[in-house]
Amino acid sequence: MTEPQILSLDEAAFEIHQACLASIENGESPPFFFITGAGISHPPIPLARQIIEHCKDKAKGHPALASPQSQSPLNEYSYWFSLAYPHPQQRTQYFEKLISNEYISAANLRLAHLLLNEDPAKRLTNLVFTLNFDNFLSRALTTFGKHHVVCDHPQTTARINLNDWRTTQVVHVHGSYNFYDCRNLASEIANAAVLSPTSQSMPSLLDAALRNRAPLVVGYSGWEGDIVMSALKRRLDGQTLPFNLYWFCFSPSNIDTLPAWLKHHENIRFVINKNSQATPSAQPLSEGVAGTITPVSTTLAPGAAPKNQLPAHMVFERLSQAFSFPAPGISLDPLEFIARQMEKNLPKETNLPDGEDLYQFRAVVSEIRAARAVLLERPKGQAAQLLEEMREAIRTSQFEAIALLAEKAPAEMSTQQRLEALSLLCAAVEGLEDNPSAQLSICNAILKINAPSDTPLDDGVSIAHSFALASKAQLHHGRAEFKEALAAEDDCISQFGASAVPKVKKHVAQAIILRGFTLQGVDRAEDSLQAFETVLSTEFEIESEIWPEFTLYIAIGYAETSAQLQRPDKAIQLLNAALSHPLDLVSAEFVIQALNAKAVLLRMMGRHQEAEKIIIQLLKETADTSKSELAFWHTITRYSRATHLRETGSLDAALPMLQDLRLELQGSEIFNLRVVYFQTLISLCLIYAQTNQHELAIATSDTILLQIPADQAHRYRSFQATAMFLRGVSLQLLGRNEEAVTSLEAMFTHHGTARDSRDWDRIARAYFCLGDCQMRLQNGDAAREAYQAGVSYIETHFPEAPPDLAAIRDKARSLLNLISR
């Protein structure tokens with residue numbers, strides 16, 4: 001069985017473009033057509049999970065209320081929808097209210113743009129099969145002035161001519177919200193998927209389309225048993241396709257939910273957002289002597305997708321870039337566009353008897369063109385010209401150009417021009433998620449566009465500026481530029497913390513959360529915890545669909561910091577609460593990270609059996625290491641299990657696991673994997689020291705010190721300090737006291753003033769180890785100085801010292817009395 005074949009968005013767009021160019025050159029029909037699902041109509045239309053939650057609430061009190069027999073997405077959706085709206089007419093009315101007055105989603109506008117086919121040399125396709133009930137795509141095509149044919153009922157399938165590849169055609173396979181018999185429930189969807197041997201039907205129409213073309217699947221998660229999945233299964237059964245099928249996945253984890261017959265077929269290409277896969281933002285993380293959490297940045301730039309997600313609009317934008325589609329005619333010359341659209345409905349001859357042009361539309365056209373002439377003659381200022389260039393770049397998805405244009409923004413702009421420029425620049429930041437340098441440049445340009453000093457700050461300016469500052473913070477954080485990240489976070493919080501504008505409040509919340517993670521990176525654990533607690537104690541208006549992920553971010557950050565400070569209780573409660581939310585829309589990696597954090601905290605609390613249960617669960621869930629987003633977490637979980645075994649005394653079981661990880665990770669250049677590599681070496685040092693293999697412990701410590709590049713020492717300082725300490729301890733136990741003193745004094749020189757509480761225990765112990773070495777070397781004054789420093793250090797940093805440190809302190813006091821005598 002072949003593994004799922006995975007491509008990046010750029011790779012897929014290139015292959016699709018090349019196939020289309022070949023078909024155009026050969027005068028053949030397009031090789032592809034689109035299959036679209038709910039993902040292209042979100043956010044104006046809620047996704048299935050949100051509809052389920054709404055229906056659960058509406059169905060409260062129903063006598064038949066229970067749990068669905070099957071937990072498949074389709075059956076769960078069908079069960080709750082039928083309870084909330086038992087009558088077909090009710091279901092139709094529900095969707096009508098949901099859809100009729102909503103705006104057209106960005107993804108539908110981008111898709112309509114791809115379907116215009118105004119340049120025959122840049123044709124992608126003319127055909128869309130959609131599972132959606134909304135008419136957004138049809139409305140978008142009409143807005144762009146594109147004639148198209150719609151089929152939204154089995155009795156209208158004859159409208160679709162699959163041999164006509166010039167006319168744009170849209171097929172609603174489950175009907176549209178306008179019809180009473182649109183397919184909502186599992187039984188309706190299953191019945192609709194059945195092929196009719198005697199009449200034309202939606203399944204037979206889709207089968208016919210699949211004979212010679214391959215679908216580009218966008219915004220659809222694949223509900224087995226519906227029309228689309230049934231047709232694909234028939235087509236793929238033991239057969240190859242003339243062209244590869246490209247399935248664009250919102251999240252890499254979506255592949256896991258698809259059936260084997262689909263994901264292992266040789267002609268299927270799964271497209272994911274590979275940007276920053278398994279390489280979360282770098283932070284100077286540390287292990288310390290006791291195992292803690294391996295933190296990974298979990299926050300997002302405001303409004304942007306997580307790095308591993310691929311929203312539908314991003315797919316269409318990248319295809320638009322690959323084909324270099326021109327902007328739609330209505331946006332290039334709107335008045336001429338309207339005039340021509342009206343002329344299409346007028347008699348061709350001008351000298352006709354009265355009554356042929358009843359509403360005198362020809363006169364209207366003349367007035368439109370006269371108004372156009374006036375506008376064309378009016379000189380355009382610098383701001384107007386710049387805005388037009390920026391609009392063109394956004395319309396054609398050429399976001400890179402915006403970064404250059406942003407530098408030309410003039411100081412003098414009208415209020416309307418200022419707000420439009422800010423809106424365009426914010427859109428460009430979101431479109432450039434794979435180019436952080438350009439994003440930073442645009443964020444700085446946003447902050448330069450301000451309201452005049454004598455006028456109050458407009459809400460639009462506040463939204464744009466808070467967005468830019470929160471985005472800047474995230475970008476700097478992702479590059480481990482923590483000083484710059486903190487400056488942007490503080491600016492966002494201080495300037496906009498009192499705002500009542502919902503979008504601004506959201507950006508402020510994101511800045512506070514990110515501040516918590518950034519403070520972790522600069523060893524300010526107490527301040528980090530305070531940042532997370534600020535978010536927890538403040539009311540923020542967060543959209544319901546992102547609330548589960550939002551709370552999970554906070555819980556993970558709080559858990560990471562709580563582990564540093566050895567305060568697990570509240571963190572466990574927050575993680576449990578966050579993990580109790582519906583997590584369908586939450587990135588799988590964040591859920592895995594949260595569970596890893598929970599396992600570490602449980603170990604810290606001595607609840608080893610619960611921790612072990614979670615670790616075993618995660619090992620199973622991350623076992624498919626061919627998926628880059630899971631491979632990283634599988635490594636983390638393996639390390640976590642080895643640490644758990646070490647801490648519970650199973651050294652013989654932990655040792656081979658750690659040795660395997662050492663061999664696997666020693667050549668990795670990915671920062672977070674290097675962190676795990678050094679954590680692994682520290683754990684090996686501890687086992688060698690515990691089993692009196694001190695020469696091996698020294699050699700492993702030396703490996704750490706030799707393999708940390710001098711120019712990267714600040715990122716791995718805790719590992720460096722821990723290696724020096726463990727090296728000194730082993731040298732002392734071997735009686736090599738002079739060498740031990742050298743190693744320990746080097747640790748104090750470079751790392752004796754750590755602010756991170758994870759390092760305090762090691763520093764305290766190092767003072768007493770140094771004192772013992774000096775005693776054996778008969779250096780009484782040096783020993784007294786080390787013991788006194790150790791006692792003072794514990795009194796300062798551990799007002800309520802744990803029993804083991806308290807015992808060391810009391811022993812040092814006794815030795816100090818002995819030395820004094």
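Note that these values count all heavy atoms, side chains included, but never hydrogens, waters or copies made by symmetry. By convention here, the first residue in the shown sequence is residue 1.
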Strictly below 4.0 Å, N to O, side chains only: are Arg123 and Glu28 in salt-bridge contact?
no

Looking at Lys263 and Glu3, is there a salt bridge between them, counting it only when a charged N and a carboxylate O are closer than 4.0 Å?
no

Rounded to the nearest 0.5 Å, how far does OH of Tyr220 lie from CG of Leu131?
5.5 Å

Closest approach of Lys122 to Ser324 (non-hydrogen atoms, all atoms of both residues):
NZ-O, 2.8 Å

Determine whether Phe95 and Ile45 satisfy the following criterion, side chain to side chain contact (heavy atoms under 4.5 Å, CB included), listing intermediate values before the conclusion.
CA-CA 9 Å; Phe95 277 107; Ile45 305 301; 5.8 Å; no

Could you tell me if Thr168 and His148 have a donor-acceptor pair between their side chains, going purely by distance under 3.5 Å?
no

Indicate whether the side chain of Tyr177 and that of Asp152 have a donor and an acceptor atom separated by less than 3.5 Å.
no

Distance (rounded to the nearest 0.5 Å) between Trp165 CH2 and Arg213 CZ
9.5 Å

Ignoring hydrogens and geometry beyond distance, is a side-chain donor-acceptor pair present between Lys472 and Asn444 at under 3.5 Å?
yes

Would you say the side chains of Asn108 and Ser41 form a donor-acceptor pair under 3.5 Å?
yes

Regarding Asn273 and Gln309, is there a side-chain donor-to-acceptor distance under 3.5 Å anywhere?
no

Between the side chains of Glu664 and Arg638, is the shortest nitrogen-to-carboxylate-oxygen separation below 4.0 Å, so that they form an ion pair?
yes

Closest heavy-atom pair, Gly175 versus Phe133, reported as atoms and distance to 0.1 Å, is O-CD2, 3.3 Å

Looking at Leu241, Asn267, Leu245, which one forms a side chain to side chain contact (heavy atoms under 4.5 Å, CB included) with Arg235?
Leu241

Correct closest heavy-atom pair for Arg110 and Arg395 would be NH1-O, 2.9 Å

Do the non-hydrogen side-chain atoms of Gln666 and Tyr677 ever get within less than 4.5 Å of each other?
yes

To the nearest 0.5 Å, what is the distance between CG on Leu216 and CZ on Phe248?
5.5 Å

Do you see a donor-acceptor pair shorter than 3.5 Å between the side chains of Gln510 and Tyr553?
no

Looking at NZ of Lys233 and NE2 of His265, how far apart are the two atoms once the value is rounded to the nearest 0.5 Å?
13.0 Å

Under a 4.0 Å N-O cut-off, is there an ion pair linking Asp10 with Arg318?
yes

Other residues, nucleotides and ligands only: do more than 12 of their heavy atoms fall within 6.0 Å of CZ on Phe14?
no

Please check if any side-chain donor atom of Asp164 sits under 3.5 Å from a side-chain acceptor atom of Thr167, or the reverse.
yes

Does His172 reach the main-chain N or O of Asn132 with its side chain, forming a donor-acceptor pair under 3.5 Å?
yes

Residue pair Ala327 / Leu332: nearest heavy atoms and the distance that separates them
O-CD1, 3.6 Å

Using modelled atom types only, decide if a donor and an acceptor are shared between the side chain of Ser331 and the backbone of Pro328 within a distance under 3.5 Å.
yes

Can any side-chain N or O of Gln50 pair as donor or acceptor with the backbone N or O of Leu47 at less than 3.5 Å?
yes

With a 6.0 Å cut-off on ring centres, are Phe129 and Phe34 close enough?
no

When rounded to the nearest 0.5 angstrom, what is the spacing between CG in Leu432 and CD in Glu430?
10.5 Å

Got a second to check how far Thr36's OG1 is from Phe316's CZ, nearest 0.5 Å?
6.5 Å

